[in-house]
2 protein chains.
Amino acid sequence: MESPFGIGQSANRFMRRIQSGMHAKVRTLGENVAKDIGPHGGFILNTLAEGEPMPVQELVRIMARDKSQMTRKIKDLEAKSLIVRTQCPTDGRVSLLSLSDEGRDIQKKLQRALTSVIEEILSPLSEEEQSQLAQLLQKI
Amino acid sequence: MESPFGIGQSANRFMRRIQSGMHAKVRTLGENVAKDIGPHGGFILNTLAEGEPMPVQELVRIMARDKSQMTRKIKDLEAKSLIVRTQCPTDGRVSLLSLSDEGRDIQKKLQRALTSVIEEILSPLSEEEQSQLAQLLQKI
DNA sequence: TATTGTTATACTCTATAACTATA
DNA sequence: TATAGTTATAGAGTATAACAATA
């Protein structure tokens, strides 16, 4: 389990645990909205929170997803009034995305939930090991 | 980016890169079969290779996926003659799964491809850091 | 009664290509 | 011509519950 291959397997299971942990947790939040935006919806809100307003293109880059997926998901979130779209004043092709107040509210709840899910998964690691892991992952 | 939250984001991107890297690579293998079994199909073959014969239940546990998904995927792979199912002699409820010769052949190709994709992604890390990462991920 | 595995359904994510509009 | 974003479509993964068969 020390080959690159093993790393892939472990990382896969790690992500799976985050995913199903969040799925379970979000249901307890009692937020219909949170449940209805899907994992990607939450990911988008969290990403926007790190730097808004953000062009669609940058969101695509950061999330490493296809732009056509983004278009659809953004439309969903916009229809649910969680994000707001404005035209870029200097480039007519560019849409800038921001969180609405409601979107920001949900984003905070989701981020707290996600943090606690990940904390739980990381609990077998010491503080030092956790920051080691963070650094290694960030490096790649 | 040192919070648990940041770790989640990095891990997510890591998995994404593996996923799209494999998608691109598998196309170059010229193996129609490999392309048609999907990421999970490959994952199942790889998991079986680590310990066959394996009951469905254990596959489900290792892959941390839902059993209903497994049922369908297993049926696919069986129809493509990549895996073989035998009844457990001591427990009539249990199906044991093994790789067929063709399945093993494809599994080896996929594992090589996956290994090289991951190696590429991990290349910014030194050998020591890579084994550190492997250990940390395995611990959780 | 509990466990192994299957079926059915509805939803979400992913890949691709063709397209519009602006630069 | 190149880039930002949209549309359409087909394929794959995910969650849930209800079910049959065996232990």
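Order of the sequence lines fixes the chain letters, A, B, ..., with proteins taken first and strands second; residue numbering starts at 1 for each chain.
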Closer than 3.5 angstrom, by distance alone: can the side chain of [X] be matched with the main-chain N or O of [Y] as a donor-acceptor pair?
X: E129(B); Y: S126(B); answer: yes
X: K109(B); Y: V26(B); answer: no
X: T28(A); Y: A24(A); answer: no

Between [atom2] of [N] and [atom1] of [X], the distance in whole Å:
X: I74(B); N: dT6(C); atom1: CD1; atom2: P; result: 6 Å
X: L77(B); N: dT6(C); atom1: CG; atom2: P; result: 13 Å
X: Q19(A); N: dT14(C); atom1: CD; atom2: C1'; result: 13 Å
X: I18(B); N: dG13(D); atom1: CD1; atom2: P; result: 16 Å
X: K73(A); N: dT6(D); atom1: NZ; atom2: C1'; result: 17 Å
X: I37(B); N: dG11(D); atom1: CD1; atom2: P; result: 17 Å
X: R65(A); N: dA12(D); atom1: CZ; atom2: C1'; result: 14 Å

For this session: Decide, yes or no, whether a salt bridge links E52(A) with R104(A) under the criterion of side-chain N to carboxylate O below 4.0 Å.
Result: yes
For this session: Please report the closest heavy-atom contact between M15(A) and N12(B), naming both atoms and the distance.
Result: SD-N, 3.5 Å
Measure from the side chain of [X], starting at C-beta and using heavy atoms only, and say which of [options] lies closest.
X: V94(A); options: dG13(D), dC13(C), dA4(D); result: dA4(D)
X: S20(A); options: dG5(D), dG5(C), dA15(D); result: dA15(D)
X: R85(A); options: dT12(C), dA15(D), dG5(D); result: dG5(D)

It should be established whether [X] places a side-chain nitrogen or oxygen under 4.0 Å from OP1 or OP2 of nucleotide [N].
X: R16(A); N: dA15(D); result: yes
X: R61(A); N: dT3(D); result: no
X: K75(B); N: dT7(C); result: yes

Problem set entry | Between the first and last five pairs of the helix from dT1(C)-dA23(D) to dA23(C)-dT1(D), the angle of the axes, rounded to 10 degrees | 0°
For this session: Assign a letter to each nucleotide of nucleotides 16-23 of chain D from its 5' end: B, base within under 4.0 Å of a protein heavy atom; S, sugar-phosphate only; -, no contact.
Result: B-----BS
Exercise. What is the nucleic acid contact for T71(B), judged by heavy atoms within less than 4.0 Å: base, sugar-phosphate only, or nothing?
Worked result: base
Exercise. Should side-chain heavy atoms under 4.5 Å link Ile, Leu, Val, Met, Phe, Trp and Tyr, which residues sit in the same cluster as V94(A)?
Worked result: L96(A)
Problem set entry | Polar side chain donor-acceptor pair, Q132(A) to E128(A), under 3.5 angstrom | no
